[in-house]
Colleague: 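Here's a structure for you.
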Amino acid sequence: MSTVIENLLLRKQKLVEELEKAQAVEDRDRIEHQLEQINTALDFLDRPGPKGGR
């Protein structure tokens, strides 16, 4: 599980760097959309599971 989170965080870092350099509105929109998806995935993975566990 931690590998998935690490990969998402690495991807997020790269996207933030791309966003800083992006000049075209379309590129910025695409990057921001991908960042939203990563943040959603991280939020989902960070939630505590049910008490029964998996």
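Keep in mind the model is a prediction, meaning the values are calculated, not measured.
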Colleague: Only one of E20, E26, E18 forms a side-chain contact (heavy atoms from CB on, under 4.5 Å) with I31, so which one is it?
Modeller: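 Of all the options given, the one that passes is E18.
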
Colleague: Please confirm whether the backbone N or O of L19 pairs with a side-chain atom of R28, one donor and one acceptor, at under 3.5 Å?
Modeller: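 Checked: pair present.
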
Colleague: Pairs under 3.5 angstrom only: tabulate donor-acceptor contacts from the side chains of residues 32-42 to other protein residues two or more places apart or in another chain.
Modeller:
from, atom 1, to, atom 2, distance (Å)
H33, NE2, Q37, NE2, 3.3
Q34, OE1, R11, NH2, 3.0
N39, OD1, K12, NZ, 2.8
N39, ND2, L35, O, 3.3
T40, OG1, E36, O, 2.9

Colleague: To the nearest 0.5 Å, tell me how far I5 CD1 sits from L10 CG.
Modeller: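 Spacing of CD1 (I5) from CG (L10) equals 12.0 Å.
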
